[in-house]
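Some notes on the structure that comes next.
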Amino acid sequence: MSKDKSAKIPTPQPVRGTQDMLGDFADRFAHVVETFERVRRLYGYKRIEVPVIEPTAVFARSLGETTDVVSKEMYSFEDRGGESITLRPEFTAGIARAYITNGWQQFAPLKVATHGPLFRYERPQKGRYRQFHQLDAEVLGSDSALADAELLVFADQLLKELGIAEGVTLTLNTLGDAASRDAWRAALVEHFEAHRGDLSEDSLTRLDKNPLRILDSKDAKDRPIADSAPDIDAFLTSEARDFFDAVTAGLDAAGVAWERNARLVRGLDYYRHTAFEFVTDRLGAQGTVLAGGRYDGLIEALGGPPTPAVGWAAGIERLAMLLADDVIDNRLDAVIAVEDDSQLAFALKVIAAMRGNGLATEIVATGSPRKRFDKAGKIPAHALIAIGTRNGETYANIRGDSELTTKIDAIIRVL
RNA sequence: GCGACCAUAGCUCAGUUGGUUAGAGCGCCGGUUUGUGGUACCGGAGGUCGCGGGUUCGAGCCCCGUUGGUCGCCCCA
């Protein structure tokens with residue numbers, strides 16, 4: 001290391017909102033993904049891979065008129081050909097594009113699942129990053145309420161298998177069909193206009209841009225007005241009512257607990273019928289762990305044929321943060337402390353044999369020989385093997401669970 | 001885009017109303033105990049106190065700016 005400070009090379013900073021993971025958290029992350037991959041097979045969801053980059057139009061068109069999101073929160077750039085490219089901020093639009101451009105209509109109804117990195121240009125906070133990762137499940141080309149129900153049962157089982165269902169609640173609402181939704185929206189605008197003077201400043205702008213969003217406002221000033229606003233129920237067509245009933249009946253039959261949240265809404269117009277969020281109060285302001293809904297209008301908005309679809313996505317980091325501390329067992333089977341360098345060759349034979357027998361093993365053979373036993377003892381493992389010389393003879397002392405030490409003893413004995 | 005809080009050793013943090021040479025724990029390196037066993041003892045390396053200005057006889061501490069982080073708001077596809 002140079003002491004010459006002027007010669008020091010400045011280390012580039014990581015991009016804001018990106019994260020590096022080492023050890024425990026990376027293992028938790030992988031555990032979430034592995035569990036998802038296992039459970040999605042149980043439900044017959046096909047693995048799908050779609051690009052991280054898409055033409056900007058894929059997302060701009062799917063997100064429609066919510067200019068805030070499109071203009072300020074997407075990672076977009078021009079490639080060398082002058083085409084506007086965007087790092088995917090969500091899975092759904094890219095999957096819908098793939099569905100159209102690959103002619104996957106032939107497979108409808110198509111159940112697919114994927115996971116990977118997504119990018120949104122936002123201010124990072126707890127459970128919210130610029131590069132983040134999601135699990136994703138979609139059913140394309142099905143207008144059946146059974147698809148919605150199955151998707152939710154899948155999500156419920158995933159959370160249960162991750163051991164985080166406790167403290168996570170499925171909240172559910174319907175946005176109705178287009179007719180229901182339009183009637184409800186008009187009634188809401190009327191209600192909010194009547195209370196215009198009591199709304200927060202933010203909600204006044206929502207009233208113009210996205211009135212449904214006043215319903216889930218966090219501002220205490222808005223709550224009485226939002227809470228007294230009409231529910232969609234009175235405006236549901238009988239078809240929409242039947243659809244919602246069929247979804248909830250499916251959940252009840254499968255034993256999935258749910259709560260109606262009549263204030264749960266989606267900002268985009270292509271959402272229809274089912275909207276849901278699995279929420280928790282254990283992640284600060286970012287309480288949504290898994291969310292989705294039915295988006296019957298999306299594929300058409302991308303220039304495809306009218307295609308009903310429903311899906312959800314879940315933040316892998318958020319799920320990983322919720323995992324219990326003891327879910328991941330990082331302990332090795334054994335650690336070898338080489339207490340005498342003349343026994344190094346023997347120790348290397350032992351560790352090769354251990355690993356060859358499927359036992360995860362680490363070796364400590366550097367630094368002061370006297371300290372190696374202590375050092376090895378600090379590495380989490382089920383057994384500790386000390387190798388040294390005593391009375392001119394090689395010796396190996398094994399400590400740990402009796403079953404494991406017997407197995408190790410047998411491996412070493414034949415060397 | 002807005003707000004609050006924070007920034008001292010590789011990590012987690014102390015650091016008094018501004019006052020000598022900025023500390024601890026963990027980690028790292030070395031030494032002591034010749035030991036079937038050890039939460040032990042001793043020592044060492046490692047710091048432009050995020051950066052730049054200012055106030056002051058004197059700034060890790062006070063003021064301004066700046067960069068970065070955390071949390072929240074907006075937004076949430």
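Naming: A, B, ... by sequence-line order, numbering from 1 per chain. Computation of the quantities below employed the complete heavy-atom set of this structure, encompassing side-chain atoms and omitting hydrogens, waters and symmetry-equivalent molecules.
Put simply, CD on E201(A) is 14 Å from P on G3(B), counting in whole angstrom units. The interatomic distance linking D216(A) (CG) with C73(B) (P) rounds to 12 Å, in whole Å. As a whole-Å value, the separation of D219(A) CG from C2(B) C1' is 15 Å. Atom CD in Q125(A) sits about 13 Å away from atom P in C75(B), given to the nearest Å. Computed from coordinates, the M321(A) CE to U70(B) P distance equals 12 Å when rounded to whole Å. Between K209(A) atom NZ and C76(B) atom C1' the separation is 13 Å, expressed in whole Å. Across the protein-nucleic acid pair, L63(A) atom CG and C75(B) atom P stand 16 Å apart, rounded to whole Å. A straight line from OH of Y129(A) to C1' of C71(B) spans 12 Å, rounded to a whole angstrom.
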Given Watson-Crick or G-U pairs with both distances under 3.5 Å, what dot-bracket string fits RNA chain B, with | for other-strand pairs and [ ] for crossing?
(((((((..((((.....[...)))).(((((.......))))).....(((((..]....))))))))))))....

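Between the C1' atoms of C42(B) and G50(B), the separation comes to 35 Å (whole Å). When the P atom is used for both U48(B) and A40(B), the distance is 30 Å, rounded to whole Å. Between G27(B) and C13(B), the distance separating the two C1' atoms is 14 Å to the nearest Å. Remark: the separation of the C1' atoms in G10(B) and C29(B) is 14 Å, to the nearest Å. Taking atom P on both C41(B) and G46(B), the two are 24 Å apart, rounded to the nearest angstrom. Spacing between U8(B) and C51(B) at atom C1', rounded to whole Å, works out to 14 Å. Straight-line distance between the C1' atoms of A7(B) and A14(B): roughly 15 Å, to the nearest whole Å. As rounded to the nearest Å, A24(B) and A9(B) have C1' atoms that lie 11 Å from one another.
Remark: G284(A), A285(A) in residues 281-293 of chain A come within less than 4.0 Å of RNA chain B through at least one heavy atom.
Within 3.5 Å, no donor on the side chain of R213(A) pairs with an acceptor on the base of C75(B), nor the reverse. Below the 3.5 angstrom threshold, one finds a donor paired with an acceptor across the side chain of R120(A) and the base of A77(B).
The nucleotide whose nearest atom lies closest to any side-chain atom of R16(A) is, among C76(B), C73(B), G68(B), G68(B). Closest contact between the side chain of R123(A) and the listed nucleotides A77(B), G1(B), C75(B) involves G1(B). Of the candidate nucleotides G27(B), C75(B), C71(B), G27(B) has the atom nearest to the side chain of K378(A).
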Is there a salt bridge (Lys or Arg N to Asp or Glu O under 4.0 Å) between D341(A) and R372(A)? Walk through the geometry before answering.
CA-CA 11 Å; D341(A) 283 331; R372(A) 290 180 197 166; 2.9 Å; yes

Stepwise side chain to side chain contact (heavy atoms under 4.5 Å, CB included) test for L251(A) and L170(A):
CA-CA 11 Å; L251(A) 293 177; L170(A) 166 56; 4.2 Å; yes

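Cation-pi geometry between R130(A) and Y121(A) is met: the NZ or CZ atom falls under 6.0 Å from the ring centre, inside 45° of the normal.
Residue-environment remark: CZ (F25(A)) exceeds the threshold of 12 foreign heavy atoms within 6.0 Å. Atom NZ of K46(A) is surrounded by 12 or fewer heavy atoms from other residues, nucleotides or ligands within 6.0 Å. Other residues, nucleotides and ligands place no more than 12 heavy atoms under 6.0 Å from the CD atom of E190(A). Within a 6.0 Å radius of CD1 in I53(A), other residues, nucleotides and ligands contribute 12 heavy atoms or fewer.
The aromatic rings of F36(A) and H115(A) lie perpendicular to each other, with more than 60° between the two planes, well past the 30° mark. Between F29(A) and H133(A), the ring-plane angle classifies as perpendicular under the 30° and 60° cut-offs.
Using a cut-off of 4.0 Å between Lys/Arg side-chain N and Asp/Glu carboxylate O, R260(A) and D233(A) are scored as salt-bridged. In summary, E138(A) and K111(A) do not engage in a salt bridge, as defined by a charged side-chain N under 4.0 Å from a carboxylate O. Looking at R294(A) and D148(A), a side-chain N of the basic residue comes within less than 4.0 Å of a carboxylate O on the acidic one, giving a salt bridge. Looking at E317(A) and R128(A), no side-chain N of the basic residue comes within less than 4.0 Å of a carboxylate O on the acidic one, giving no salt bridge.
Using a 4.0 Å heavy-atom distance criterion, Y295(A) is classed as making no nucleic acid contact. R88(A) comes within 4.0 angstrom of nothing in the nucleic acid, heavy atoms only.
Note on R128(A): every side-chain N or O is 4.0 Å or more away from OP1 and OP2 of U70(B). Distances shorter than 4.0 Å separate some side-chain N or O of K375(A) from OP1 or OP2 on C29(B).
Where Q13(A) and M74(A) meet RNA chain B, the nucleotide closest to each residue was compared, and Q13(A) sits on the side nearer the 5' end. Both Y270(A) and K218(A) lie close to RNA chain B; mapped to their nearest nucleotides by heavy-atom distance, the more 5′-ward contact belongs to K218(A).
No donor-acceptor contact under 3.5 angstrom links the side chains of Q131(A) and Y75(A), judged on distance only.
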Summarise how protein sits on nucleotides 33-43 of chain B as a single string, 5' to 3': B when a protein heavy atom is under 4.0 Å from the base, S for sugar-phosphate-only contact, - for no contact.
BBBBBB-----

